[in-house]
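Remarks on the structure that follows.
By convention in this document, chain letters (A, B, ...) are assigned in the order of the sequence lines, proteins followed by strands, and residues within each chain are numbered from 1. Everything numeric here is computed off the predicted structure, so don't read it as measured data.
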Amino acid sequence: MQRHRRFIAIAVVFAAVATPLAASAATAGQRAGVTISFMEAMASGTQKPTLDDLTRNFEQTHPGITINLIAEPNYGVLQQKEQASIAAGNPPTIGQAYENWAAAYADAKAIVPLDNYVNSKKVGVPKTFRSNIWKGVWNDLFLPDGKIWMWPFNKSDYVLFYNANMLKAAGLSVPTTWARYATAEKKLTTGGDWGESLDTGTLSAPANGTLEYLSIVRAFGGTWIKNGKPTLDTKAAVQALQFLDDLKAHGALQVGTNYPEQTALGAGRSAFAVSSIAGYPYMLAAAGGKFNMQVAPLPAGPNGGQGNAMAGTNIVIFANASTAQRAAAWQFMKYLSSPHATAYWAIKTGYLPVTKSALVYMKKYIATHPYQKIAAQALQYAGGNPPYAWWTQAEGDVAEAMQAVLDNGASPASALATAQQKAMQAASNP
Amino acid sequence: MTNGVGSALWRRRSRRFRSGLLALLVGVVFAFPFYWVVVTSLNSSNSVFQFPPNFLPGGVVGNYAHAWHEATWVRYFLNTVLIAGSTVALVLLTSLLAGFALGVMRFRGREIAFFLILSILMIPKVVLLIPDYIVLKELHWLDTYWAQIIPWGASVFGIFLLRQFFGALPPELIEAAELDGASQLQFLRTIAAPLARPALITIGLYIFIGSWNSFLWPFIMTSSPSVQPIEVGLSTFFGTNGTDWPGLSAAVVFTTLPIMIVFMLSQRRLVAGASATTGAVKG
Amino acid sequence: MYLSPALLVFLVFTIGPALFVLYISFFNWNLLNPSLSRFVGGGNYSALLHSSDFWNSIVTSVYFVGATVGGSTVLGLGIALLLSRRGLVRRIARLAVLTPYFTPLVATSIVWVWIFNPQFGLIDSLLRLAHLPEVGWLQSTKWAMPALIVYTLWHDLGFTVIIFLAGLATVSGELREAARVDGANYWHEVRDVVLPQLVNTTLFVIVITTVDSLQAFTQIYTMTGGGPLSATTTTGFLLYQQSFVFYKTGFGAAIAVVLFVVIALFTLLQLRLSRRAT
């Protein structure tokens, strides 16, 4: 009941604020009576009902546009379904896509650039949008050709979840640098408990652990790519992998699969978990009130270097869509990034608002969930997936390097050299 | 130990006891994972993560209710029954016709046809996924029941079994039918097929179970829960609830139990069918 | 004709697509936009021969197939011998051994993922209780394959046991009795009387299990994803990975062709051998 009432309240505000936009969009849609399809992976927990809410609200304020949501269970399946449907010539109108997927789609001429929509006087975004959107999010919308090919939807970045009880019992404060983090982990590895669990994923499916590592690389001052080519074996990269290897050797770091960081933290056996902020509802459920679970920003590297990986996807428009469908799709995508919608999405799912102005509508939520603001602010410097088709394999090579070091005792330098060689090969053969 | 008949008997008895014990051990080892998943499904997360491990069910029935509500299981079950049933019907038809042709009818190229069919067994389905996807797309069958039934409508096992069966029919039977003026189709319909009922039941059961358990094909060829079968549903559930082991265990139990029951009720026939095929290969 | 329905299905969904796979193996095939595909002749095949990933997958496949076929045959025969007598205990044990084969792969692999979990799973908990070193199982490059093999054997032994039970039933009871009267003990009886009569059955089991294990996919996908560090990436899984994850479709097609040739050769070999043995 309460949710229903709250939704009505927000819906009223939506309607009030969005009416001018809605009116023009409605007439455009009405003329066409358009149906568009949206292939997405927002199928679990609060994600599905929230997206349903937003979609129905959009349809109500834009009569004439119907949206079919095609929910896939996870990103792996989503990518396969998108690719397969493009191959077979029947892609949806729009779909969620990571930056490297979009690069592959653009190469195959399967999606369309969005500059005309974004910059359009009639249907484009207001001028203030440029300064409003988080810098990291905005930069993420481009492909190397300089055009905008994607529009933001569900963005998140990485944060540090921790068991406040365990830290307090050991007399530790929340670590703000990776060095202090290592010390804390080692101190907390005692009596059958340990510091953190991570999942590197595999060559075909890198997981959270790989992105945690890549964040540390950036915090240590390293880069992932340069001039359109991978740079997986920089000094910082080797140091970062050595950092994790030390923790593993000490027993402070454990490796697992199927969100082991959630399982370990939730079971009260590990003190920390590095995961996307979008995992907050799951972490909370895993903790189940057994202890005081808190969230902190990712630690900084030496010299205060900040490194974070942006997770989550943007939306692309597929080339098979008709002009009317593209126009309707753009309206929907713009709506999702509008302050009220993105704020509602963030509050309900734990993803982050894509613009700064959305924070204004989240004041009450942020009062009780302060970390949301912290995580959102990290979007200013967080880096998304490099927009190259070969990044899929390069990221897999990073996961394999991590496996070689953490599971197989290889040296970080040699493991990363191998990864770099394989990634370079992938980058040189389009 | 004394020599003689008494000692041999004692040896035989103690061997039987020992091998009986070994048989029991083997049975326990094989059955244990089933027991374990039931235990896990009846415990709460807390007791599932504890150490030393908890071997007893905790009577927590809530996991079943919770897992049941997380996905459209009824729909998945109905889909699976529909797909499996239709596939069985189609396979029985094609196997009857092809097995009859290869086992009874004499025509040129009979051996070649058989070898061709046998070689198809060797092509891994993984190999054919993309071209098959494109074929199904051209037929507008993607994300439908058809895509999950028609491509599986012919089974090498079924053709094999019926070919052996029909090949073993006494020639007098066929001659008698010819003398009576019956056409081959009539013979098949009124005499041969009813005789083959045990084989048909075996094939039907085997195909039903295979269809129930299928994963990769429907996984690639469908995207909507409204047409997906149970294993794809479970895989989806696993992907999004990978840490909820008690809930996951409950889902595993209620998606596996139906087919386990089907198997247990029909195991005699299946074993008989397997021996028939073995006999066929022995020549 | 009578064969036409079956052949039609095979043609449309098996033979035709197989030829298409052969065709695209000669291209750098762009799955998303086929018109952008480039003809490369034998390029994919030479890349294959120079690819360490491919040769590693061959080694991994030999490991997996060898262990599962060997295990299935030897253990299958052993268990069939053990369970071939009458009695309630054996009947129950038979049911326990057969059941896993007829239950779904996804469901049962999930159970075993949990059993193999290094921090919370049953096996490592038992090792910890016995103060033995814990094993990483599906996380360890050394133990992931053994873990996968254990699961596969647990699941597939039901099939080989059925075949061997059927075979044992056809072994002449008189000959066995005669051997026993002659004073042969149990093991001699098995070796000299039973086994020779099971040669064809054994060959059949070997071929079927080889073909099946070369096609194994679902448990690898669910339990290890081909890892860690490609330790469980068989050639079949590599094919999926190259074709469906990295979209190197032409390259994947070349792998498919090679895999098919290997399987075909092996099956022909069995047919030849069994004809000779009869």
Requested in this report: Hey, could you give me the CG/NE2 distance between B:N213 and C:H155, rounded to the nearest 0.5 Å?
Outcome: 6.5 Å

Query raised in the report: Is it the side chain or the backbone of C:V89 that comes within 4.5 Å of chain B heavy atoms, both, or neither?
Result: side chain

Query raised in the report: Taking the six-membered ring where the residue is Trp, are the ring centres of C:W154 and B:F34 under 6.0 Å apart?
Result: yes

Query raised in the report: Does any N or O in the side chain of B:E231 come within less than 3.5 Å of the main-chain N or O of C:A107, such that one atom is a donor and the other an acceptor?
Result: yes

Report summary line: Heaviest contributor of heavy-atom pairs below 4.5 Å to chain B, chosen from C:T103, C:L165, C:N117, is C:T103

Query raised in the report: Relative to chain C, which segment of B:T40 carries a heavy atom at a distance below 4.5 Å: side chain, backbone, both, or neither?
Result: side chain

Query raised in the report: Just how far is it from atom OG of B:S214 to atom CG of C:L105, taken to the nearest 0.5 Å?
Result: 10.5 Å

Query - Residues C:F102, B:T256; criterion side-chain contact (heavy atoms from CB on, under 4.5 Å); working and verdict - result: CA-CA 10 Å; C:F102 292 93; B:T256 310; over 6 Å; no

Query raised in the report: Where does B:L25 contact chain C at under 4.5 Å (heavy atoms): side chain, backbone, both or neither?
Result: neither

Query raised in the report: Going through the checks in order, is the side-chain contact (heavy atoms from CB on, under 4.5 Å) test met by C:I92 and B:L24?
Result: CA-CA 8 Å; C:I92 296 177; B:L24 185 65; over 6 Å; no

Query raised in the report: With a 4.5 angstrom heavy-atom cut-off, which part of C:T249 approaches chain B: side chain, backbone, both or neither?
Result: side chain

Requested in this report: Measure the spacing between CZ of C:F217 and CZ of B:F215 and express it to the nearest 0.5 Å.
Outcome: 7.0 Å

**Report entry** Which atoms of C:I79 approach chain B - backbone, side chain, both or neither, heavy atom under 4.5 Å
**Finding:** side chain

Query - Contact origin within B:I150 toward chain C - heavy atom pairs under 4.5 Å - result: both

**Report entry** Contacting moiety of C:V106, where chain B heavy atoms sit under 4.5 Å
**Finding:** both

Query raised in the report: Should the heavy atoms of other residues, nucleotides or ligands under 6.0 Å from OH of C:Y23 be counted, would the total exceed 12?
Result: no

Query raised in the report: Checking B:V29 against chain C: side chain, backbone, both or neither under 4.5 Å from a heavy atom?
Result: backbone

Query - Closest non-hydrogen atom pair between B:A31 and C:A96, with its separation - result: CB-CB, 4.1 Å

Requested in this report: With side-chain contact (heavy atoms from CB on, under 4.5 Å) as the test, would you mind laying out the steps for C:Y221 and B:L216 before giving the verdict?
Outcome: CA-CA 10 Å; C:Y221 179 79; B:L216 183 59; over 6 Å; no

Query raised in the report: Where do B:W245 and C:I110 land on the side-chain contact (heavy atoms from CB on, under 4.5 Å) test, with the steps shown first?
Result: CA-CA 9 Å; B:W245 288 110; C:I110 290 175; 3.9 Å; yes

**Report entry** Heavy-atom pair of closest approach, residues C:L82 and B:S19
**Finding:** CD1-O, 3.4 Å

Requested in this report: Give, as side chain, backbone, both or neither, the part of C:L157 having an atom under 4.5 angstrom from any heavy atom of chain B.
Outcome: side chain

Requested in this report: Please name the pair of heavy atoms, one in C:R90 and one in B:A23, separated by the smallest distance, quoted to 0.1 Å.
Outcome: CG-CB, 4.2 Å

**Report entry** Atom pair CE (B:M260) and OG1 (C:T99), whose distance is rounded to the nearest 0.5 Å
**Finding:** 5.0 Å

**Report entry** Heavy-atom proximity to chain B below 4.5 Å, by part of C:L83
**Finding:** side chain

Report summary line: Nearest heavy-atom approach of C:L122 to B:F32 is CD2-CE2, 3.2 Å

Requested in this report: Could you tell me whether the side chain of B:L248 reaches within less than 4.5 Å of the side chain of C:W114, counting heavy atoms only?
Outcome: no

Report task. Determine the minimum heavy-atom distance between C:P17 and B:D132, stating which atoms define it. Result -> CG-OD1, 3.1 Å

Query raised in the report: Is the shortest heavy-atom distance from the side chain of B:V37 to the side chain of C:W112 under 4.5 Å?
Result: no

Report task. Determine whether C:T222 and B:S235 make a side-chain contact, defined as any pair of heavy atoms from C-beta on separated by less than 4.5 Å. Result -> no

Query raised in the report: So does B:W146 have more than 12 non-hydrogen atoms from other groups sitting under 6.0 Å from CH2?
Result: no

Query raised in the report: What option among C:V161, C:V257, C:I115 has the most heavy-atom pairs under 4.5 Å with chain B?
Result: C:I115

Query raised in the report: With only heavy atoms counted, which part of C:R85 is less than 4.5 Å from chain B, the side chain, the backbone, both or neither?
Result: side chain

Query raised in the report: Quick one: what part of B:S249 sits under 4.5 Å from any heavy atom of chain C, side chain, backbone, both or neither?
Result: neither

Query - Greatest number of heavy atom pairs closer than 4.5 Å to chain B - which of C:I24, C:V97, C:T108 - result: C:V97

